[in-house]
Protein chains: 2
Amino acid sequence: MTSIKDVARIAGVSVATVSRVLNDKGYVGQNTREKVEKAIKETSYKPNEVARSLFKKQSNTIGLIVPDIMNPFFTELARAVEDMATKLGYNVILCNSDGDKDKEQAYLDVLKQKYVNGIIVSSNTLTALQVEELNVPVVSIDREISKGLPTIVVENKKGAVMATRFLQNKGCRRIGHIRGSYGVANAEERYEGYKEVVSKEPWFRESFIVNGDFDMQFSIEATAELLSLHPEIDGIFAANDIMAIGAMKAAYRLGRKVPEELAVIGFDGIKLSEVMTPELTTIVQPIYQLGETSTTMLISLMEQQPIEQTYYTMAVELVERKST
Amino acid sequence: MTSIKDVARIAGVSVATVSRVLNDKGYVGQNTREKVEKAIKETSYKPNEVARSLFKKQSNTIGLIVPDIMNPFFTELARAVEDMATKLGYNVILCNSDGDKDKEQAYLDVLKQKYVNGIIVSSNTLTALQVEELNVPVVSIDREISKGLPTIVVENKKGAVMATRFLQNKGCRRIGHIRGSYGVANAEERYEGYKEVVSKEPWFRESFIVNGDFDMQFSIEATAELLSLHPEIDGIFAANDIMAIGAMKAAYRLGRKVPEELAVIGFDGIKLSEVMTPELTTIVQPIYQLGETSTTMLISLMEQQPIEQTYYTMAVELVERKST
DNA sequence: TTGAAAGCGATACCAG
DNA sequence: CTGGTATCGCTTTCAA
């Protein structure tokens, strides 16, 4: 690999000068500049990013920590983050934490040791302290770590209210809820939204709510249980699309027709929701945009650019399809 | 951030000594070692990976270049690669090439500049020359770049033969094929497998094959076209699951019942295939294992360990579900 | 068994 | 406008 020294020697100048033309910084005479550029071309020289990083204490890399890239929500998010990062000159290191506290901390440590410029993270367990100790810009996505930290979330409660009302307007008399994991902020918010709409209904009882743990398999079981306990249920709001799909599968197995006998609505708007038969009605989040926004925000933070806003609550939208 | 110098100063030794205990290399007296370890603990010192990388010309990072992480096949692959890489002490930089030659080359360049230890890539356009010029270990996955290069693929042709025969055994009299993109090796191989089984059939004509471009939307259209041209078709082999799902959707829209009137079989075994209703019969590839194997192989290559084999053809398996 | 010092490949300050 | 050089943080001879 040719280094800056080689280029300098070939061009007959000092490394300082080569560095100047490389970074287009400081004065360089017209024809020395040309000599250098010629030498660069000839050797097809590419600066060593690691050496640069060592000096700059930045590696033009950002870390992305998600629970599991296999979750379609995070897949799309990752794609958006990577697209935007590349566009702005950064690479992204992918980290799957499985929501595990220790793994998260381990990733945080090595990312820091690698001089990443910033980190995008989706975590329930991370504390504000942990993040501040890092001394690296962090933006939290999908889940808030602390009010003070840069965060991008969506209108979870509002979306849940929309979903539940929608079911009512469609004529559902008894609406059940498959909730997400306990302790996960967005699961709680969606739960609250549902509750707000139905809590004053005379029929309502806590047993209309079951935990699906944001997992399809769990949701199938939870739905089966829910439906056997309350056969009168004619509408289900699931806290995410995966669970909604699970609910539809359970209904299918029990011989309950969707949407004729049972309406199902989800939350997220993952691609999968359009692929199902029947296609899933859902509260769609602007997932790709979440990723883009978090990345541009992170990069502004990293580059110390003036920043308008560090807490975004993105709007959600109800998309009606065939399952309701 | 505390550096090796700080640790040395606190422990009252030289940086060389600290380095020795850090890497457990060379002689270190028992009690100096203890002093150093104490200092490390106290300061919770973590070596700077970038400085290390500069010296070693390796960054403990591997690059993963895939066309698009949103394709479920690559999502699962990425997860496997990241899992195994982490287990062995490496991070992974994620790159989405969209199958674009220039993007691929750009990623290759910056990965090299970042001193990645190795690269896993899935590409149709990359040439053996490009890879050799890199001077970085590369393993090609899902698609062969050249016979000489480390590669992991699956039994595409055999799988296609299995799928087509299976349809015949299920009683299908006219079998159509939704093929993958032209010029993509695995699409061609699957096409050949199909052809091998049906080419001597009296009814067979080239028009029983349409191009779905490995895309769901394309497949929907292609299937509709195929079915209107040859309404007698009672079985479809799609070159991947996404397209098989597209075919089922098209059938659904045309009012053709799957599997009663039309049997559909896919290829890949993505998670999605189990989620569909009806669940998709498919040729499953050991996707996760592909990722694991490619990673361990790459790392063996990187670490110059003796390596048994550099060209794997993994077995596929027919999993019968409800769509046939 | 330990330390001094020469890199690794770039950047940026300070002279000239 | 250009060059010399210290520096980033770590590893590895080479001597002592």
Test item: [X] side-chain N/O and [Y] main-chain N/O as donor-acceptor pair under 3.5 Å:
{"X": "A:S123", "Y": "A:L126", "result": "yes"}
{"X": "A:E82", "Y": "B:N96", "result": "yes"}
{"X": "A:N23", "Y": "A:S19", "result": "yes"}
{"X": "B:T313", "Y": "B:V154", "result": "no"}

Which pairs pass side-chain hydrogen bond (donor to acceptor under 3.5 Å, both in side chains) with one or both residues in residues 66-75 of chain B, sequence neighbours excluded? A:R79-B:D68
In whole angstrom, give the distance that lies between atom CD1 of A:I40 and atom C1' of C:dA10. 13 Å
What is the per-nucleotide protein-contact pattern of nucleotides 9-16 of chain D, from the 5' end, where B denotes a base atom under 4.0 Å from a protein heavy atom, S denotes such proximity for sugar-phosphate atoms only, and - denotes neither? BSBBB---
Residues B:K112, B:D109: salt bridge by 4.0 Å N-O rule: no
Let me know which of B:Q130, B:E104, B:K103 forms a side-chain hydrogen bond (donor to acceptor under 3.5 Å, both in side chains) with B:T125. B:E104
For the helix from C:dT1-D:dA16 to C:dG16-D:dC1, what is the angle between the axes at its two ends, each from 5 pairs, rounded to 10°? 50°
Give a yes/no on whether any side-chain N or O of A:T32 is located under 4.0 angstrom from OP1 or OP2 of D:dT2. yes
Evaluate the salt bridge (charged side-chain N to carboxylate O under 4.0 Å, His left out) criterion for residues A:E42 and A:K38: first the C-alpha distance (whole Å), next the side-chain angles of each, then the deciding distance (0.1 Å), finally the verdict. CA-CA 6 Å; A:E42 273 175 16; A:K38 182 152 158 288; 3.4 Å; yes
